[in-house]
2 protein chains.
Amino acid sequence: MNREDERHLYLRVADQLRERIRSGELQEGDRLPSVPGLAADLGISRSTASEALKVLVSEGLAVARSGSGTFVRLPREPQRLIRAWYRSTPYGSPFMQDMDRQGREAGWTYESQTVQAPSEIRDRLGLDEPTGDVEDVVRTDYVFSADGEPVMLSTSWEPLAVTRGTPIVLPEDGMLAGQGVAERMLSIGVPIDDWVEEVGARLGTAEECERLRHAPGSILVTIQRTYYSGDTQVETADIVVPADRFTLVYSGKMGRVSGPDQ
Amino acid sequence: MNREDERHLYLRVADQLRERIRSGELQEGDRLPSVPGLAADLGISRSTASEALKVLVSEGLAVARSGSGTFVRLPREPQRLIRAWYRSTPYGSPFMQDMDRQGREAGWTYESQTVQAPSEIRDRLGLDEPTGDVEDVVRTDYVFSADGEPVMLSTSWEPLAVTRGTPIVLPEDGMLAGQGVAERMLSIGVPIDDWVEEVGARLGTAEECERLRHAPGSILVTIQRTYYSGDTQVETADIVVPADRFTLVYSGKMGRVSGPDQ
DNA sequence: TCGAATTTGTGCGTATGTATC
DNA sequence: GGATACATACGCACAAATTCG
């Protein structure tokens, strides 16, 4: 298990703790030895003990709670997030459906503001160069949670050219709040025909990890989703989910053309 | 940009450095200020300066080279890998098509062997418990390259129950070598109707990173692909691509059922 | 409600090892 | 070899969060 007899003290201490987790001696939710405790037991400095615990946290095997302790957190089998079936449904957003299917309680918080779209978003929405300081999109930041635990972040951008003057300018306002983009757009006569998702992965920023209550440096799966009505983009969103919690499931029929440009 | 006026010194220093990268003052490959340099310039301790640089490294914006310095490493614009259009085509595998479209020269090496499927693969292929030591799948390991550079690894599993006694038992043998699974299966009267891809991300193992000529610890996007003919699985594959090189593009029409179990 | 004890996190200092130039 | 750089390891102090009596 050990590589090259491990020159560094903090790595050896981390190995030792990891082994106690692997063997089952320390179980999910158990408290790991405290920094001062470890230091005293092993005759090492508190800094070194702290470094060792940080290794486990960065590996996702533990979470540190300030003032309380460091606790074992075994990686769960990632949940499947279905992203290609039944995309349009009259009852709630795709996320809610997915959580329902898995018997978990979905929740979300959001914050909308009207802004001028940055250039990357302009590209994705097919907007022309801005004229002066005109605000031309509604940006909504979501935090989605399952059983009260934050699990997905999303930033949605909707062009005011599409929604201005309609009852759904603010996504989470009015009768169709929480209904998903497709239903809201349909209600103002803009049916969404096609979707495109661009999937990647990267390390989470400090801010993202904090909002997801994840260790800094966690791997995130990123989705850039764009919705089309005919040939025009009517919404685009940046979605991130922690890679250790979710896998995305796409599916389709073979040999069919199913993209927006055909 | 800053949240809650950033209580912590090392985070403020990190912000400052990040801003110098974002603004273009520090470019790809440039050396960031050294730990002692930062400490002297800003009147902070070396430990704090070191912590600030670690933040950028953990965000993937910089790499630290012991004895040399810490250098800016901007993420490259990833290539798009189309995974939902024109899945079945008579001319070459989906990977070849994709590279063609981008004007890059596709290549691959492979190695096939007949083995007994491990339990996880049995699940994915819907195989029963093995009887003794019977070998029941053909496993093929691929390394795909673009312009001579390795960019994608794939391990494919095909049940012998489907291909035994046919000319395509070995994927890269005979007339249909390099033609993709769908064409090969079709040639023996097994049309592939549906595909399912499960997408995740994780750190690459040392071996994977080496085979991809990537730095150890790179983030990989993982795909578990399964092909169905009717209700039976006829192939499954584990595909990995470096997250800094590729994003995956999926697309579809809204509100259609397009999965294998409907 | 308050305070004492504990724990993590941050920040400072120093020293040493080792890689790079 | 010498200078410089990062990484590890030690020490200490204090702040902030949590727990518990």
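To find a chain, count down the sequence lines: A is the first, B the second, and so on, and within it residues start at 1.
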Integer-rounded Å distance: dT4(D) C1' and Leu38(B) CG: 15 Å
Interatomic spacing from CD1 in Ile82(A) to OG in Ser251(A) - rounded to 0.5 Å: 7.5 Å
Out of dG11(D), dA19(C), dT8(C), whichever nucleotide has its closest atom nearest the side chain of Leu53(A): dT8(C)
Residue Ala64(A), side-chain heavy atoms: nucleotide from dT10(C), dG9(C), dA9(D) that is nearest: dG9(C)
Within-4.5 Å side-chain heavy-atom neighbours: Val13(A) and Ile44(A): yes
Which nucleotide in dG11(C), dT8(C), dA9(D) has an atom nearest any side-chain atom of Leu9(B): dG11(C)
Cation-pi, Tyr250(A) ring and Arg83(B) (6.0 angstrom, 45 degrees): no
Side chain of Arg7(A) (C-beta onward), nearest among dT10(C), dA19(C), dG13(C): dA19(C)
Selected nucleotide, minimal atom distance to His8(A) side chain, candidates dT8(C), dG11(C), dA9(D): dA9(D)
Side chain of Ser34(B) - closest among dG11(D), dA5(D), dT8(C): dA5(D)
Touch class at under 4.0 angstrom, heavy-atom based, for Thr70(B) against every strand present: sugar-phosphate
Atom pair distance, as rounded to whole Å: CZ in Arg65(A) and P in dA16(D): 21 Å
Closest nucleotide among dC21(C), dC12(D), dT14(C) to the Arg46(B) side chain: dT14(C)
Whole angstrom value for the distance that separates C1' of dT10(C) from NZ of Lys54(B): 13 Å
Pairing of Asp238(B) and Arg124(B) as salt bridge, 4.0 angstrom limit: yes
Whole-Å gap separating C1' (dT8(C)) and CG (Leu32(A)): 13 Å
From dC6(D), dT10(C), dA5(D), nucleotide with atom closest to Arg31(B) side chain: dA5(D)
Sugar-phosphate, base or nothing in reach of Ser47(B), heavy atoms under 4.0 Å: base
Ser68(A) side chain, from C-beta outward: closest of dT19(D), dG11(C), dT7(C): dT19(D)
Note, Phe144(A) side chain near Thr109(A) side chain (heavy atom, < 4.5 Å): no
Given dT10(C), dC6(D), dT7(C), the nucleotide with the shortest approach to the side chain of Pro36(B): dC6(D)
